[in-house]
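Just so it is clear: chains get the letters A, B, ... in the order the sequence lines come, proteins before strands, and each one is counted from 1.
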Amino acid sequence: MSIAKTYSPKEAENKWYSHWKENGFFRSVPDGREPYTIVMPPPNVTGVLHMGHMLNNTIQDVLIRKARMQGKNACWVPGTDHASIATEAKVVAMLKEKGINKKDISREEFLNYAWEWKEKYGGIILKQLEKLGASCDWERTKFTMDPDLSEAVLDTFIKWHEKGYIYRGVRMVNWDPQGKTALSDEEVIRKEVNQKLYYIRYQIKDSSEYIVIATTRPETIMADSAICINPNDERYAHLKGKTVLVPIINREIPVIFDGYVEMDFGTGCLKVTPAHDLNDYELGQKHNLPVIDILNDDGTLNEKAEIFIGEDRFIARKKVAKQLEEIGQLEKVEDYVSQVGFSERTDAAIEPKLSMQWWLKMEKLSKPALDYVQDGTINLIPDKFFTSYKHWMENVKDWCISRQLWWGQRIPAWYNDRNEWVISKTEEGAKEAFAKEGKSAEGLRQEDDVLDTWFSSALWPMSVFDGVRNPDNAEFQYYYPTNDLVTAPEILFFWVARMIIAGHDYTQKPPFRNVYLTGIVRDKQGRKMSKSLGNSPDPIELMEQYGTDGVRVGMLLSSPAGNDLMFDVSYCEQGRNFANKVWNAFRLVKGWETTDSPATDAQKLAANWFENRFNQALVEIEDHFAHYRLSDALMATYKLIWDDFCAWYLELVKPAYQAPIERETLDTVKRLFERVLTLAHPFMPFLTEELWHDELFGERTAEDCIIVASYPEMGAIDETIIKEFATVQQIISEVRNIRNSKGISPKIGLPLAINATHINFERYSESIVKLANIEELTFVKEKISGAVSFLAGKDECYVALENNIDIDAERERITKEIAYLQGFLISVDKKLGNERFMQNAKPEVVENEQNKKSDAIAKLQILEDSLASLG
RNA sequence: GGAGAAUUAGCUCAGCUGGUUCAGAGCACCUGCCUUACAAGCAGGGGGUCACUGGUUCGAACCCAGUAUUCUCCACCA
């Protein structure tokens with residue numbers, strides 16, 4: 001036979017992906033069918049595929065392929081995100097390597113480089129998605145900085161500004177001194193850091209007395225505006241109305257009193273630094289303290305600091321501490337662990353900083369977004385995320401939406417030379433706006449502010465269908481709201497919540513119905529996969545090694561819904577093995593010659609059984625899908641194919657070596673094989689398509705592809721045949737077990753006698769004989785003595801071995817089984833004898849117990865007889 | 001500091017809202033097989049006081065309380 005023994009995925013993958021694409025199977029346009037829409041979470045435009053993408057997009061592809069096969073108009077919209085700060089950081093780094101400093105070039109020049117960079121790397125990740133089989137409608141590919149999407153962003157800004165949601169103001173922001181931009185709270189990662197707590201002496205004016213304050217940031221003493229003490233703190237009551245001198249610079253600051261200060265933390269005295277701490281800022285507002293900002297945008301000290309001007313804040317910290325020590329004003333230094341915020345993108349320590357920024361008022365906007373999830377209009381899967389979603393929604397603060405970057409949508413604010421401003425999409429509009437307000441448009445300019453990336457992402461499910469600018473367009477009407485969103489829980493607030501907010505504000509509808517939150521991909525030790533740890537396998541390499549289908553199966557097998565997954569390549573191995581199993585089932589069937597004789601009864605019965613098993617499995621699989629338990633759905637498919645189809649059905653109908661198979665039976669096998677393939681297609685698209693087109697299954701046109709074939713529909717289930725066959729399987733296993741434990745070769749046929757009192761096994765005779773290798777099958781009404789016996793269901797079977805029947809072993813085995821059943825009977829009797837059980841338990845439970853009892857008694861009777869007959 | 005989740009076989013997890021002697025699956029493991037689709041395989045098998053302690057109930061892996069361990073998210077204590 002010329003067919004390879006193992007499946008080689010490579011060829012099939014290249015061939016079928018382009019075939020699908022060329023035949024437009026990924027394409028979706030509105031029509032009369034029910035739409036099924038997924039909008040892909042856009043990866044960073046310059047990113048490369050990592051395991052998280054692999055998982056995420058595999059799930060989406062499984063869902064979309066299944067929906068497509070189920071006759072829905074499946075539309076999966078791909079795209080990329082401009083990722084403002086992340087991409088800008090990459091471009092800055094690239095320029096630096098070229099010897100170009102961002103400071104030295106103009107905005108236009110910089111953007112030219114950035115676009116160049118985007119053109120060069122922007123397509124990579126999407127190409128990689130093709131490799132994993134992603135059946136996106138590539139004609140719909142969008143980029144968050146496409147002109148139409150950018151316009152939607154500006155429109156939204158203008159709309160929300162007009163509605164009064166967007167305002168401009170000086171607030172404490174999270175300042176990233178490396179990216180030199182403000183950040184939203186969500187972009188700040190808090191980490192525990194080992195720090196030092198410095199105890200610093202401040203001299204009380206006109207006194208030799210000192211008070212001591214504890215701080216982790218001695219470099220900010222030059223920005224101090226006051227010392228604050230709890231009014232109930234008797235230790236310091238005498239300081240009322242006094243002033244103290246800031247060490248080194250000897251600036252005079254007041255002592256104030258406020259209940260905010262904890263008496264038992266540190267020394268009970270707090271230095272108030274309104275410019276560099278949020279709480280201090282609020283305290284300063286309350287007590288009318290001056291704000292002294294001693295830091296530049298890049299984290300170095302400015303002239304207001306008076307000393308160490310130009311030094312980085314961390315170097316200044318050490319120098320200030322050293323100088324304090326030298327002048328005897330550093331009392332002590334303690335080790336101290338506290339939380340410090342870091343920039344999510346640049347990892348720089350965040351500096352709280354007063355800054356003029358643009359803000360989005362969240363309170364009103366977020367309310368309906370909470371309601372959607374609360375009332376089930378949107379399902380979070382798993383729903384354990386609801387509590388934190390709710391908490392975030394109810395405590396959400398205004399969102400700082402401006403970033404001091406170049407890469408992104410520029411804030412449509414225009415300023416004149418008096419720093420008055422108007423909002424307008426265009427320069428012309430700005431001039432008109434100024435004129436309308438009777439203000440001069442002299443010196444018209446924009447500032448270097450762009451909008452937070454997540455502002456554009458929030459519009460994504462709408463803007464990909466042009467629903468922001470043109471909400472009445474047919475596509476938007478058809479596809480929106482979308483169905484499922486598949487994303488990582490990490491961006492629930494960053495993104496998901498904001499999409500719901502924007503979606504509702506525009507359409508009064510949710511942007512999607514279900515949010516499937518995948519787990520985080522971790523390594524075997526449970527560590528998050530990351531570049532710096534180097535513990536993340538390259539998905540592309542994995543696909544090379546195990547085949548795309550193998551990796552897809554591996555990802556899903558290891559991925560319980562909503563829980564993190566401990567990734568291990570052995571799962572990919574399992575996936576590859578599974579693909580190979582299917583391949584070999586195909587090889588088997590492919591090799592059969594046919595004869596014209598009609599199918600035998602046994603063959604028909606086998607097919608009948610398998611079809612019922614198939615329908616049963618289908619119900620289970622649908623249920624798993626309905627609950628987004630994809631790994632369970634896959635496992636049910638896996639077992640149906642491996643166990644039921646291959647190990648039982650194919651073995652049952654398999655002809656003897658080199659013997660032909662009845663044509664009618666082969667046709668049935670092929671039909672069932674096709675059904676099995678359609679079931680597996682969403683998980684293993686390439687292998688199933690490859691087999692689908694083999695001539696074994698007849699002529700197919702280029703359009704007759706499994707990707708658009710019908711997914712199996714549920715059918716009736718005959719429980720009786722499934723139950724009976726389970727007993728048949730048990731008989732076969734028992735015989736094999738006897739053979740195995742006695743060391744008898746599978747090649748030697750054994751005699752089997754069945755005392756069939758409950759099930760008519762005669763119609764299964766051929767199957768039993770074949771799979772258990774029975775030399776002679778007889779049906780008896782009497783016990784056969786001297787044979788190995790076992791119970792199959794409630795019927796006893798006997799295998800008479802020619803010699804060496806180990807009577808003692810038999811006796812022991814039967815005695816054990818009797819003991820088990822007796823124990824079982826006692827526990828059942830206990831229940832049935834319990835009045836309260838009889839009263840309280842549901843009738844069907846009681847009836848069930850009674851059945852258990854009679855079954856057990858019947859079985860015991862048989863076993864006791866067997867034991868007696870052993871002598 | 002607040003909130004949430006988890007703890008079931010060597011590993012990863014099911015156990016669908018208390019009822020078969022309820023303890024399951026896949027992988028791994030052990031034994032025997034190169035049986036003419038597949039050794040990436042076939043047949044068989046051994047593994048668990050359901051974290052701990054109490055409580056509720058006729059009945060608990062499942063419900064409640066507490067304890068321990070682990071993880072995640074949120075939070076401005078210098």
Would you indicate what [X] reaches in the nucleic acid, counting non-hydrogen atoms under 4.0 angstrom: base, sugar-phosphate, or nothing?
{"X": "A/R217", "value": "nothing"}
{"X": "A/V261", "value": "base"}
{"X": "A/Y546", "value": "nothing"}
{"X": "A/E835", "value": "nothing"}
{"X": "A/C646", "value": "base"}
{"X": "A/L278", "value": "nothing"}

According to a strict under-4.0 Å criterion, is [X] in side-chain N/O contact with OP1 or OP2 of [N]?
{"X": "A/K581", "N": "B/rC42", "result": "yes"}
{"X": "A/Y7", "N": "B/rC38", "result": "no"}
{"X": "A/N737", "N": "B/rA43", "result": "no"}
{"X": "A/R576", "N": "B/rA40", "result": "no"}
{"X": "A/R587", "N": "B/rA37", "result": "no"}
{"X": "A/S733", "N": "B/rG44", "result": "yes"}

Whole angstroms only, please: what is the [atom1]-[atom2] distance between [X] and [N]?
{"X": "A/L197", "N": "B/rC77", "atom1": "CG", "atom2": "C1'", "answer": "11 Å"}
{"X": "A/I744", "N": "B/rA43", "atom1": "CD1", "atom2": "P", "answer": "18 Å"}
{"X": "A/E192", "N": "B/rC73", "atom1": "CD", "atom2": "P", "answer": "13 Å"}
{"X": "A/W392", "N": "B/rU72", "atom1": "CH2", "atom2": "C1'", "answer": "18 Å"}
{"X": "A/K654", "N": "B/rU35", "atom1": "NZ", "atom2": "P", "answer": "11 Å"}
{"X": "A/K590", "N": "B/rA37", "atom1": "NZ", "atom2": "P", "answer": "16 Å"}
{"X": "A/E262", "N": "B/rC76", "atom1": "CD", "atom2": "C1'", "answer": "12 Å"}
{"X": "A/Q195", "N": "B/rA78", "atom1": "CD", "atom2": "P", "answer": "8 Å"}

Legend entry - Test: A/R498 cationic atom under 6.0 Å from A/W399 six-membered ring centre, within 45° of axis: yes

Legend entry - Cation-pi, A/F697 ring and A/K670 (6.0 angstrom, 45 degrees):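 Here A/K670 fails the 6.0 Å and 45° test against A/F697.
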
Inset, instruction - Specify the glycosidic conformation (syn or anti) of B/rU36, with syn defined as within 90° of 0. - result: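 Classified anti.
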
Legend entry - Syn/anti state for B/rG47 [syn: chi within 90° of 0]: syn

I'd like to know if the side chain of [X] reaches the main chain of [Y], judged simply by a donor and an acceptor atom lying under 3.5 Å from each other, with no hydrogens or angles considered.
{"X": "A/D398", "Y": "A/M362", "answer": "yes"}
{"X": "A/D280", "Y": "A/P274", "answer": "no"}
{"X": "A/D224", "Y": "A/A226", "answer": "no"}

Close side-chain approach of [X] and [Y], heavy atoms under 4.5 Å:
{"X": "A/D643", "Y": "A/Y638", "value": "no"}
{"X": "A/F386", "Y": "A/V373", "value": "yes"}
{"X": "A/T548", "Y": "A/P9", "value": "no"}

What integer number of Å spans the [atom1] atoms of [N] and [M]?
{"N": "B/rU31", "M": "B/rG24", "atom1": "P", "result": "24 Å"}
{"N": "B/rA28", "M": "B/rA61", "atom1": "P", "result": "31 Å"}
{"N": "B/rA23", "M": "B/rA60", "atom1": "C1'", "result": "13 Å"}
{"N": "B/rU21", "M": "B/rG48", "atom1": "C1'", "result": "15 Å"}
{"N": "B/rU53", "M": "B/rC13", "atom1": "C1'", "result": "27 Å"}
{"N": "B/rU17", "M": "B/rC62", "atom1": "C1'", "result": "9 Å"}
{"N": "B/rU57", "M": "B/rA9", "atom1": "P", "result": "30 Å"}
{"N": "B/rC11", "M": "B/rA43", "atom1": "C1'", "result": "24 Å"}

Legend entry - Shortest non-hydrogen separation from A/L278 to A/P352 and the atoms involved: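 Distance-wise, the nearest heavy atoms are N-CB, 4.4 Å.
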
Inset, instruction - Considering non-hydrogen atoms only, spot the tightest contact between A/N584 and A/R587 and give its length. - result: OD1-NH1, 2.8 Å

Inset, instruction - Among A/I768, A/L771, A/L752, A/N773, find the one that has a side chain to side chain contact (heavy atoms under 4.5 Å, CB included) with A/V735. - result: A/L752

Selected nucleotide, minimal atom distance to [X] side chain, candidates [options]:
{"X": "A/N740", "options": "B/rA37, B/rA43, B/rA75", "result": "B/rA43"}
{"X": "A/S338", "options": "B/rC76, B/rU72, B/rA78", "result": "B/rA78"}
{"X": "A/M566", "options": "B/rU12, B/rC76, B/rC38", "result": "B/rU12"}
{"X": "A/E651", "options": "B/rA37, B/rU35, B/rC38", "result": "B/rA37"}
{"X": "A/Y657", "options": "B/rU36, B/rG44, B/rC38", "result": "B/rU36"}

Inset, instruction - Tell me which of A/D632 and A/P746 sits closer to the 5' end of RNA chain B, going by the nucleotide each one is nearest to. - result: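 Checking each residue's closest nucleotide, the 5'-ward one belongs to A/D632.
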
Legend entry - A/L650 or A/D185, whichever maps to the more 5' nucleotide of RNA chain B: A/L650

Legend entry - Parallel, tilted or perpendicular, as decided by the 30° and 60° cut-offs, for the rings of A/F586 and A/W583: tilted

Inset, instruction - Please confirm whether any donor atom in the side chain of A/N834 sits under 3.5 Å from an acceptor in the base of B/rC58, or the reverse. - result: no

Legend entry - Enclosure of A/E835 CD (heavy-atom neighbours >12, cutoff 6.0 Å):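 No - once you tally the heavy atoms of other residues, nucleotides and ligands closer than 6.0 Å, there are 12 at most.
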
Inset, instruction - Can you tell me which stems involve RNA chain B, if a stem is defined as three or more consecutive Watson-Crick or G-U wobble pairs, both distances under 3.5 Å? - result: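 Looking at RNA chain B, the stems formed by three or more consecutive pairs are B:1-7 with B:68-74, B:10-13 with B:24-27, B:29-33 with B:41-45, B:51-55 with B:63-67.
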
Inset, instruction - Spell out protein contact along nucleotides 15-27 of chain B as letters: B when the base is contacted, S when just the sugar-phosphate is, - when no protein heavy atom is under 4.0 Å; keep the 5' to 3' order. - result: ----BBBS--SSS

